[in-house]
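What follows is one structure encoded as structure tokens, with my remarks underneath.
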There are 2 protein chains.
Amino acid sequence: METARQPLADGELRSVEHSAPRTRVLDAALELFAEFGVSGTSLQMIAASVGITKAAVYYQFHAKEDIVIAVTERALGRLVPALERAEAQDDVPQARDDLLVDVIGMAVRDRRLVRTLQFDPVVVRLLAEHPPFQRFMDRLYRVLLGETGDDVLIEAAMLSGAISSAVMHPLLADVDDDTLRTRLTDLSRRLLGLTP
Amino acid sequence: METARQPLADGELRSVEHSAPRTRVLDAALELFAEFGVSGTSLQMIAASVGITKAAVYYQFHAKEDIVIAVTERALGRLVPALERAEAQDDVPQARDDLLVDVIGMAVRDRRLVRTLQFDPVVVRLLAEHPPFQRFMDRLYRVLLGETGDDVLIEAAMLSGAISSAVMHPLLADVDDDTLRTRLTDLSRRLLGLTP
DNA sequence: GTCTATATTATGATAGAC
DNA sequence: GTCTATCATAATATAGAC
């Protein structure tokens, strides 16, 4: 039984580059995932959207789950440089605020991504099952929150949900990136008790 | 009996009662929707979960979408009394805060519900397409927010997302209802600028 | 009301021609 | 690398027996 191509079975999550055809598949998949959910998106739909056949999709990724993994990995990988910068920074509050700005920036820039990454049941399961994803999320939250505890956790959950929700809300699709980013950053800092 | 065939084609959303078999199907469906998403849940899974056959499910609801509609209607219907109470209340800020407390109460009580209602692509589409759902959401937000405008909308989106996220977060599953409710209410009031 | 059996369509996936 | 053709399986849905 095919355990799936395991891009990150042992190693750490990292920024990944894909070939042009693979990138086209991933872009189309992401778009469809955001609209119909992962389970609601068939390989047929992805193939049609790219303008190729199902078999051609299978040449690039030989299972649907591989596409989901690649989409998730590519998205989170984009945050790796920001995370490493924050971890290397001595000034802890500053590192925290820098990373927060980066995370919000990415959420606003790739709005469609957020619905899938944060709330799709298939992706949520994937994140919980693959250790590299888990380790990455741990690192991210360690910088953003410091220690753990129920109160901090509630804040964190509210924060990530607040950002995600605002960013993917249909009625806010027309709000320009700058406005949204500014407002989100202000409110997020308030929620985290950061006072810049 | 057949009260809810086309439950909301023309009329307003209201609290609905279902027969025992229908209720069993809806409960099972909701549970599965929360875990696997609507698209990731088959009628087979629902039937197996109830302990009946697919055909028996079709006797109660003659299409999968009918189940989704019924689940959504039943959930939102539970908020109707609270909404009507708030609309009848003269003291506007008080009405707003009362409704907020009710909404948070329901979110905390039926945590699994939230993921499906707020974030499942199928349900989101349903809410957008069926006028009774739209009208209900309009009424809800009118009481909670007063007027509309980008700034208020951003706050609203962040608020609903913050509540939803906190309530459905796996790491917060063990936090007891009272703690969660109290913390959520405090932070929500802060976000809305309510000062009770 | 619930069952078995079945029709129909779509799914994920593979083999092999070009 | 991309195609056509095809596979087995599972999906939604229906008909009809009990």
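Residue numbers begin at 1 in each chain, while the letters A, B, ... track the order of the sequences.
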Checklist entry - Does B:Arg125 have any salt bridge (Lys or Arg N to Asp or Glu O under 4.0 Å) partners at least two apart in sequence or in another chain, and if so, which? => result A:Glu35
Next on the checklist: Enumerate the ring pair (Phe, Tyr, Trp, His ring centres under 6.0 Å) contacts for residues 64-114 of chain B, please, sequence neighbours excluded, ordered by first and then second residue.
Outcome noted: none
Checklist outcome for this item: Residues pairing under ring pair (Phe, Tyr, Trp, His ring centres under 6.0 Å) where one sits in residues 64-107 of chain B, two or more places apart or in two chains, turn out to be none
Next on the checklist: How many whole angstroms separate atom OH of B:Tyr59 from atom C1' of D:dC18?
Outcome noted: 15 Å
Item to check | Euclidean distance, atom NZ of residue B:Lys64 to atom P of C:dT9 [Å, nearest integer] | outcome: 19 Å
Next on the checklist: Without decimals, in angstroms, what is the distance between B:Glu65 CD and D:dA11 P?
Outcome noted: 19 Å
Item to check | Strand-adjacent residues in residues 31-54 of chain B, judged by heavy atoms under 4.0 Å from DNA chain C | outcome: B:Ile52, B:Thr53
Checklist entry - Do B:Gln134 and B:Asp138 have a side chain donor and acceptor closer than 3.5 Å? => result no
Checklist entry - Which pairs with one or both residues in residues 68-124 of chain B pass ring pair (Phe, Tyr, Trp, His ring centres under 6.0 Å), sequence neighbours excluded? => result A:Phe119-B:Phe119
Checklist entry - From the list D:dT2, D:dT14, C:dA13, which nucleotide is the closest neighbour of the side chain of B:Tyr58? => result D:dT14
Checklist entry - How close or far is atom C1' of C:dT11 from atom CD1 of A:Ile67, stated in whole angstroms? => result 13 Å
Item to check | End-to-end axis angle, where each axis spans five pairs of the helix from C:dG1-D:dC18 to C:dC18-D:dG1, to 10° | outcome: 0°
Checklist entry - D:dA13, C:dT4, D:dT2: which one has an atom nearest the side-chain heavy atoms of A:Gln60? => result D:dT2
Report all side-chain donor-acceptor pairs from residues 162-170 of chain B shorter than 3.5 Å, counting only partners two or more places apart or in another chain.
residue, atom, partner, partner atom, Å
B:Ser164, OG, B:Gln118, OE1, 3.3
B:Ser164, OG, B:Ser160, O, 2.6
B:Ser165, OG, B:Gly161, O, 3.3

N/O donor to acceptor pairs below 3.5 angstrom from side-chain atoms of residues 38-48 of chain B, sequence neighbours left out:
residue, atom, partner, partner atom, Å
B:Thr41, OG1, B:Leu32, O, 3.3
B:Thr41, OG1, B:Gly37, O, 2.7
B:Ser42, OG, B:Gln44, N, 3.4
B:Ser42, OG, B:Met45, N, 3.1

Checklist entry - Sequence neighbours excluded, which residues qualify as side chain to side chain donor-acceptor pair (under 3.5 Å) partners of A:Asp27? => result A:Arg74
